[in-house]
Asks: 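What follows is a single structure, and I will ask about it in a moment.
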Amino acid sequence: MTHINRDRLVDHFIQLVQIDSESRNEKAIAQALSEQLGELGFTVHKLPVPDEVSNGFNVYARLKGSIEDSIVLSCHMDTVTPGIGIEPIIEDGIIRSKGNTILGGDDKSGIAAIMEAVRCIQSENLDHKTIELAFTVHEEGGLFGSEHFDMSFITSDKAIVLDTGGPIGTIVNAAPGQQKIVANIKGRPAHAGLAPEEGISAIQVAADAITQMKLLRIDEETTANIGIVEGGNATNIVMPELKIVAEARSLNGDKLDAQVNHMVETF
Ligand SMILES: [Zn+2]
């Protein structure tokens, strides 16, 4: 039975949120965490990322365990704005920001939880699996830190990412892939009153295609939707051009590819 040290956990969390780390400016937090993980006995690797992604680096850390197996635990180190000069306050057992900034619980609560779990394991001298940590820069706005994470360091085939909303205890075990389709359909303009037979109506071409297209709920894992149509200048001109923006999503990568191909071919 392990015992979370509540004061130690809160102190560490409070310390982490006071290190400014808005997206692309994670150098200080990455440095601090690298040192702390080194003190906990982890082998720490500072993994470089392009300058436009961050002034800091991704952190990979590994703690070998005596139990045969391993797991990756992952969090992001950056916060949204306004996240400079965060002053946390504790009121009735709830940690808040003083008011003019975010708190930064996303995702530093995950980092604090992971490191407290490791401290518990160590202080009670428990056997554990090999623990791999992947702490990333610049998650907010596009997962850029993960995109540039050097995956050659990762050896485990399973990971838990501590970064989701919802009630405590919520586990998200699948997420859909998504693809966006932009179709530009070209017709031929003509005066709709004087010489309509000389025109080709882009929207009629599109309509023919769309009536052949499987859309909305495709199956239990797959959806597709046309969300935006833009075209036309005047009622008396045969529509010369039409832009259609659509998407497809699926929990299954092969089905996503098939749906996207179907839509592109039908257009
Ligand atoms: Zn997050």
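The chain is numbered in sequence order, starting from 1. Given the structure is predicted, the values throughout are model-derived calculations rather than measurements.
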Asks: Just one of His12, Arg8, Arg6 clears the side chain to side chain donor-acceptor pair (under 3.5 Å) bar with Glu116, so which one?
Replies: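 When side chain to side chain donor-acceptor pair (under 3.5 Å) is applied between Glu116 and each of His12, Arg8, Arg6, only Arg8 qualifies.
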Asks: For the side chain of Asn58 and the backbone of Gly145, is there at least one donor-acceptor N/O pair under 3.5 Å apart?
Replies: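 Side chain of Asn58 to backbone of Gly145, a donor-acceptor pair under 3.5 Å: yes, one is there.
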Asks: Would Gln179 and Glu247 count as having a side-chain donor-acceptor pair, cut-off 3.5 Å?
Replies: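 Side-chain D/A pair, Gln179 to Glu247: absent.
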Asks: Would you give the length of the straight line joining atom OG1 of Thr136 to atom CG of Leu47, rounded to the nearest 0.5 angstrom?
Replies: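 Rounded to the nearest 0.5 Å, the OG1-CG separation comes to 11.0 Å.
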Asks: Say whether Asp127 and Ser66, considering side chains only, have a donor N or O and an acceptor N or O under 3.5 Å apart.
Replies: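 Yes.
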Asks: Let's go through Val137 and Val53 carefully: what are the C-alpha distance in whole Å and the side-chain angles of both, what is the deciding distance for side chain to side chain contact (heavy atoms under 4.5 Å, CB included) to 0.1 Å, and is it a yes or a no?
Replies: CA-CA 8 Å; Val137 295; Val53 171; 3.9 Å; yes
Asks: Is there a donor-acceptor pair under 3.5 Å between the side chain of Thr222 and the backbone N or O of Ile218?
Replies: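 Here the side-chain-to-backbone pair does not exist.
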Asks: Give the C-alpha distance, both sets of side-chain angles, the deciding distance and a yes or no for side chain to side chain contact (heavy atoms under 4.5 Å, CB included) between Phe13 and Ile111.
Replies: CA-CA 8 Å; Phe13 175 73; Ile111 296 174; over 6 Å; no
Asks: Between Thr79 and Glu140, do the side chains contain an N or O donor and an N or O acceptor separated by less than 3.5 Å?
Replies: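 There is no such pair between these side chains.
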Asks: Under the side chain to side chain contact (heavy atoms under 4.5 Å, CB included) rule, what do Met213 and Glu265 come out as? Steps first, then yes or no, please.
Replies: CA-CA 10 Å; Met213 204 175 285; Glu265 281 166 15; over 6 Å; no
Asks: Hey, does Ser70 have a side-chain heavy atom less than 4.5 Å from the side chain of Ile131?
Replies: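 Heavy-atom side-chain distance check fails, nothing below 4.5 Å.
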Asks: Quick one, Asp69 and Thr130 - any side-chain contact, counting heavy atoms below 4.5 Å?
Replies: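 Result no, sub-4.5 Å side-chain heavy-atom pair not found.
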Asks: Above 12 or not: heavy atoms from other molecules or residues under 6.0 Å from CD1 of Ile171?
Replies: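 It does not: Ile171 CD1 has 12 such atoms or fewer within range.
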Asks: Which value, rounded to the nearest 0.5 Å, describes the distance between Cys75 atom SG and Asp107 atom CG?
Replies: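 The distance works out to 4.0 Å.
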Asks: Kindly determine whether Glu139 and Asp163 satisfy side chain to side chain contact (heavy atoms under 4.5 Å, CB included), including the steps that lead there.
Replies: CA-CA 10 Å; Glu139 183 267 353; Asp163 184 25; 3.7 Å; yes
Asks: Do you know which two heavy atoms are closest between Leu251 and Ala175, and how far apart they sit?
Replies: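 What the structure gives for the nearest pair is CD2-C, 3.5 Å.
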Asks: Is the number of heavy atoms from other residues, nucleotides or ligands within 6.0 Å of NZ (Lys27) greater than 12?
Replies: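 Open.
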Asks: Looking only at non-hydrogen atoms, find the nearest pair between Phe135 and Met77 and report the distance.
Replies: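 Minimum heavy-atom contact is O-CE, 3.5 Å.
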Asks: I want to check something: taking the side chain as every heavy atom from C-beta on, are Val205 and Ile200 in contact at a cut-off of under 4.5 Å?
Replies: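 Contact flag for Val205/Ile200 side chains = yes.
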Asks: Find the distance between CG (Asn25) and CD1 (Ile29) and round it off to the nearest 0.5 Å.
Replies: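 It comes to 12.5 Å.
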Asks: Indicate if Val172 and Ile160 have the same hydrophobic cluster label, given that clusters are the connected sets of ILVMFWY residues with side-chain heavy-atom separations under 4.5 angstrom.
Replies: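 No, because Val172 and Ile160 fall into different hydrophobic clusters, even though each may have its own neighbours under 4.5 Å.
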Asks: Any ring pair (Phe, Tyr, Trp, His ring centres under 6.0 Å) pairs touching residues 227-267, not counting sequence neighbours?
Replies: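 Sorted pair list comes back empty.
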Asks: Are Met151 and Leu143 grouped together when hydrophobic residues (ILVMFWY) are joined by side-chain heavy atoms under 4.5 angstrom apart?
Replies: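 No, Met151 and Leu143 fall in different hydrophobic clusters.
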Asks: Could you tell me whether the side chain of Leu242 reaches within less than 4.5 Å of the side chain of Glu230, counting heavy atoms only?
Replies: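 Not in contact.
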Asks: Keeping Arg24 on the side-chain end and Glu52 on the backbone end, is there a donor-acceptor pair under 3.5 Å?
Replies: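 Yes, because the side chain of Arg24 sits within donor-acceptor range (under 3.5 Å) of the backbone of Glu52.
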Asks: May I ask you to test the Ser74-Phe149 pair for a side-chain heavy-atom distance under 4.5 Å?
Replies: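 Heavy-atom side-chain distance check fails, nothing below 4.5 Å.
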Asks: Answer whether the closest heavy-atom distance between the side chains of Tyr60 and Thr43 falls below 4.5 Å.
Replies: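 No. Closest side-chain heavy atoms not under 4.5 Å.
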Asks: Just wondering, do Ile210 and Leu215 contact through their side chains at under 4.5 Å, heavy atoms?
Replies: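 A side-chain contact exists here, since the closest heavy-atom pair is under 4.5 Å.
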Asks: Can you tell me if CG on Asp208 sees more than 12 non-hydrogen neighbours from other groups inside 6.0 Å?
Replies: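 Yes, the 6.0 Å shell around CG holds more than 12 heavy atoms from other groups.
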Asks: Taking a hydrophobic cluster as the set of Ile, Leu, Val, Met, Phe, Trp and Tyr residues connected by side-chain heavy atoms closer than 4.5 Å, whether directly or through intermediates, do Ile71 and Val118 fall within one such cluster?
Replies: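 Yes.
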Asks: Do you know which two heavy atoms are closest between Leu63 and Gly41, and how far apart they sit?
Replies: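 Looking at all heavy atoms of both residues, the shortest contact is CD1-O, 3.4 Å.
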Asks: Which heavy atom of Ile244 sits nearest to which heavy atom of Ala206, and what is that distance?
Replies: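 Looking at all heavy atoms of both residues, the closest pair is CD1-CB, 3.8 Å.
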Asks: At what distance, to the nearest 0.5 angstrom, does NE2 of His128 lie from CD of Glu124?
Replies: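 One gets 13.0 Å once the value is rounded to the nearest 0.5 Å.
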Asks: Same cluster or not: are Met263 and Leu216 linked, directly or through other Ile, Leu, Val, Met, Phe, Trp or Tyr residues, by side-chain heavy atoms under 4.5 angstrom apart?
Replies: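 In one cluster with Met263: Leu216, yes.
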Asks: When you measure from the side chain of Thr101 to the backbone of Gly83, do you find a donor-acceptor pair of N or O atoms at a distance under 3.5 Å?
Replies: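 No, the answer is negative, given that no donor and acceptor are paired below the 3.5 Å cut-off.
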Asks: Going by distance alone, is a donor N or O of one side chain under 3.5 Å from an acceptor N or O of the other, for Asn252 and Ser250?
Replies: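 Result is no, nothing qualifies.
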Asks: To check you understand the geometry: which heavy-atom pair defines the closest contact between Cys120 and Ile4, and what is its length?
Replies: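 Looking at all heavy atoms of both residues, the shortest contact is SG-CA, 3.7 Å.
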Asks: Is it true that a side-chain atom of Asn55 and a backbone atom of Glu26 form a donor plus acceptor pair closer than 3.5 Å?
Replies: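 The answer is yes, because a donor-acceptor pair under 3.5 Å joins these two groups.
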Asks: Inspect the surroundings of CD1 in Ile203 and state if more than 12 heavy atoms from other residues, nucleotides or ligands are less than 6.0 Å away.
Replies: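 Check fails, neighbour count at 12 or below.
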Asks: Would you give the length of the straight line joining atom NZ of Lys158 to atom CD1 of Ile154, rounded to the nearest 0.5 angstrom?
Replies: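 Lys158 atom NZ to Ile154 atom CD1 measures 12.5 Å (nearest 0.5 Å).
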Asks: Assigning hydrophobic clusters by single linkage (Ile, Leu, Val, Met, Phe, Trp, Tyr; side-chain heavy-atom cutoff under 4.5 Å), is Ile237 placed with Val229?
Replies: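 Different hydrophobic clusters.
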Asks: Donor-acceptor pairs under 3.5 angstrom involving side-chain atoms of residues 180-188: please list them, not counting sequence neighbours.
Replies:
{"unit_1": "Lys186", "atom_1": "NZ", "unit_2": "Glu241", "atom_2": "OE2", "d": "3.0"}
{"unit_1": "Arg188", "atom_1": "NH1", "unit_2": "Glu198", "atom_2": "O", "d": "2.9"}

Asks: Judged by atom type as modelled, is there a donor-acceptor pair below 3.5 Å linking the side chain of Lys108 to the main-chain atoms of Ile19?
Replies: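 Confirmed, Lys108 side chain pairs with Ile19 backbone.
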Asks: Between Gln18 (side chain) and Leu16 (backbone), is there a donor-acceptor pair under 3.5 Å?
Replies: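 Answer holds: no.
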Asks: Is there a side-chain contact between Val72 and Leu133 (heavy atoms, below 4.5 Å)?
Replies: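 No. Closest side-chain heavy atoms not under 4.5 Å.
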Asks: Provide the closest heavy-atom pair for Ala224 versus Gln259 in the form atom of the first, atom of the second, distance.
Replies: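 For Ala224 versus Gln259, the nearest heavy atoms are CB-NE2, 3.3 Å.
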Asks: Atom CZ in Phe144, atom OG in Ser54: separation rounded to 0.5 Å?
Replies: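 If I round to the nearest 0.5 Å, the distance is 12.0 Å.
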Asks: Begin from the C-alpha positions of His45 and Phe153 and carry the test ring-ring contact (aromatic ring centres under 6.0 Å, His included) through to its verdict.
Replies: CA-CA 9 Å; His45 297 267; Phe153 282 87; 4.8 Å; yes
Asks: Taking the side chain from Glu132 and the backbone from Ser156, do they hold a donor-acceptor pair closer than 3.5 Å?
Replies: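 Checking the backbone N and O of Ser156 against the side chain of Glu132, a donor-acceptor pair under 3.5 Å is found.
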Asks: Suppose clustering is done on Ile, Leu, Val, Met, Phe, Trp and Tyr with side-chain heavy atoms closer than 4.5 Å. Which residues sit in the same group as Val238?
Replies: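 Listed partners: none, Val238 stands alone.
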